[in-house]
Amino acid sequence: MKISGRFAALLIAVIALASSAIASQRLEFMWGHQTTRCTYLSPLTYTGPGYGLSYEWRHPAWRNRSVGMQARADFNYGYLLSPAKNSRMYDLTLNLEWGVERLWNTQSGFNFSVGATLGADGGVLYLPRNGNNPAQGLMWAGAALTARAEYHKIKLCGKPLSISESIEVPSLGCFFCPAYGETYYEIYVGNHSGLAHFGWWGNRPQIKSRLRADWQLGKYALTLGFDYRFQGLECNDITTLLAQCSGVIGISF
């Protein structure tokens, strides 16, 4: 009991220390319009509302403030309808990433950074009307390039306002894709060859753009923004396209 108590106290101290070192955190809710097409499930393009939750933190390295660390977790849900409005598709995805960035802070109020992240995302597209094979798994792991620009010398009602734009481009990695017409039952019974593929801009283009305005209100800041997310896949005669535009509201602390 004494050992477990000391371990718990040490864990709490480590978490507190890590939290104190974090320079900025952001919790956001996103809602918008999503367009998805997956020829593994259907030749039709499905559209509808898309929602998301996101948590992000950033802080400079302890000994060198020109280098920073960043991490992010995103959960997205899409509720989509066919063109005739007689069929539904559901989209569930989770993305986790961690990375480093090189920071440039200027006296003019402009800050810049470039970096790279390692991450993974997974999810599923679910089409209930396909009784034999109603789902397509979405899995990716790899590296992405990032860039960010910020301007923070603005006042709104006497309170600081900063505007930032960040771009993320997943570049190299691997992804999951079955053969066209291959069922998940075949995979379950042992057909495991040809499921993992090398991914790059040519066969899995993807970009994420995030525009943010943070209005500092005391200890916390109100975050408003706009997100654009595009993801494509071309493999085994299967085409998957996803595009989403979202408004964002959140809190920064």
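Basis for what follows: all heavy atoms, side chains included, without hydrogens, waters or symmetry-related copies. Everything numeric here is computed off the predicted structure, so don't read it as measured data.
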(request) Check the pair Q70, R72 against side-chain hydrogen bond (donor to acceptor under 3.5 Å, both in side chains), reporting the backbone distance first and the verdict last. (result) CA-CA 7 Å; Q70 54 180 313; R72 188 178 180 93; over 6 Å; no
[X] (side chain) donor-acceptor with [Y] (main chain) under 3.5 angstrom:
| X | Y | result |
| --- | --- | --- |
| K208 | Q231 | no |
| R88 | Y79 | no |
| T39 | T239 | yes |
| N236 | P178 | yes |
| N191 | Y188 | no |

(request) Go through the steps to decide whether S209 and E165 satisfy the test side-chain hydrogen bond (donor to acceptor under 3.5 Å, both in side chains), and finish with yes or no. (result) CA-CA 7 Å; S209 173; E165 165 68 22; 2.6 Å; yes
Least distance between heavy atoms, [X] atom then [Y] atom:
| X | Y | value |
| --- | --- | --- |
| L145 | S171 | CG-OG, 3.6 Å |
| T183 | N133 | CA-ND2, 3.7 Å |
| C38 | Q136 | SG-CG, 3.9 Å |
| L41 | L127 | O-CD2, 3.8 Å |
| A213 | I163 | CB-CD1, 3.6 Å |
| K153 | Q107 | NZ-O, 2.8 Å |

Tell me, do [X] and [Y] make a side-chain contact under 4.5 Å, heavy atoms counted?
| X | Y | answer |
| --- | --- | --- |
| W215 | S162 | no |
| C177 | L233 | yes |
| M69 | R58 | no |
| R148 | I167 | no |
| R26 | D214 | yes |
| F226 | C245 | yes |
| L161 | Q216 | no |
| N203 | F175 | yes |

Is a side-chain donor-acceptor pair under 3.5 Å present for [Y] with [X]?
| X | Y | result |
| --- | --- | --- |
| D227 | Q244 | no |
| T47 | T35 | no |
| D121 | T93 | no |
| S252 | Q25 | no |
| E56 | S54 | no |

Separation of [Y] [atom2] from [X] [atom1] (nearest 0.5 Å):
| X | Y | atom1 | atom2 | answer |
| --- | --- | --- | --- | --- |
| F112 | W104 | CZ | CH2 | 10.0 Å |
| M89 | S42 | CE | OG | 6.0 Å |
| R102 | S113 | CZ | OG | 10.5 Å |
| I238 | E182 | CD1 | CD | 8.5 Å |
| S87 | R129 | OG | CZ | 4.5 Å |
| I251 | L222 | CD1 | CG | 8.0 Å |

Establish whether [X] and [Y] are linked, either directly or via other cluster members, by ILVMFWY side-chain heavy-atom contacts under 4.5 Å.
| X | Y | result |
| --- | --- | --- |
| W201 | L172 | yes |
| L125 | W140 | no |
| L138 | F75 | no |
| L53 | L242 | no |
| Y77 | V124 | yes |

How about [X]: does its [atom1] atom have over 12 heavy atoms from other parts shown lying under 6.0 Å from it?
| X | atom1 | value |
| --- | --- | --- |
| W31 | CH2 | yes |
| F198 | CZ | yes |
| N86 | CG | yes |

(message) Parallel, tilted or perpendicular, judged at 30° and 60°: which one describes the rings of F29 and Y51?
(response) parallel
(request) Return the orientation label for the Y184 and F176 ring planes: parallel under 30°, perpendicular over 60°, tilted otherwise. (result) tilted
(message) Less than 4.0 angstrom from a charged side-chain N to a carboxylate O is my criterion; do R204 and E234 meet it?
(response) no
(message) Between L217 and K159, does the side-chain contact (heavy atoms from CB on, under 4.5 Å) criterion hold? Intermediate values first, please.
(response) CA-CA 7 Å; L217 302 172; K159 303 292 185 180; 4.1 Å; yes
(request) Show the numbers, then the answer: is there a side-chain contact (heavy atoms from CB on, under 4.5 Å) between E168 and I207? (result) CA-CA 6 Å; E168 178 183 333; I207 186 169; over 6 Å; no
(message) Show, in sequence, the C-alpha distance, side-chain angles and deciding distance for L92 and N76, and conclude whether the side-chain contact (heavy atoms from CB on, under 4.5 Å) test is met.
(response) CA-CA 6 Å; L92 289 170; N76 295 283; over 6 Å; no
(request) Please report the C-alpha distance between L241 and F230 in whole Å, then the side-chain angles of each, then the deciding distance to 0.1 Å, and finally whether the side-chain contact (heavy atoms from CB on, under 4.5 Å) criterion is met. (result) CA-CA 8 Å; L241 297 174; F230 172 81; 4.0 Å; yes
(request) Identify which one of H152, E150, R210 satisfies the side chain to side chain contact (heavy atoms under 4.5 Å, CB included) criterion when paired with S164. (result) E150
(message) Using the ring centroid of each side chain, check whether Y40 and Y180 are separated by less than 6.0 Å.
(response) no
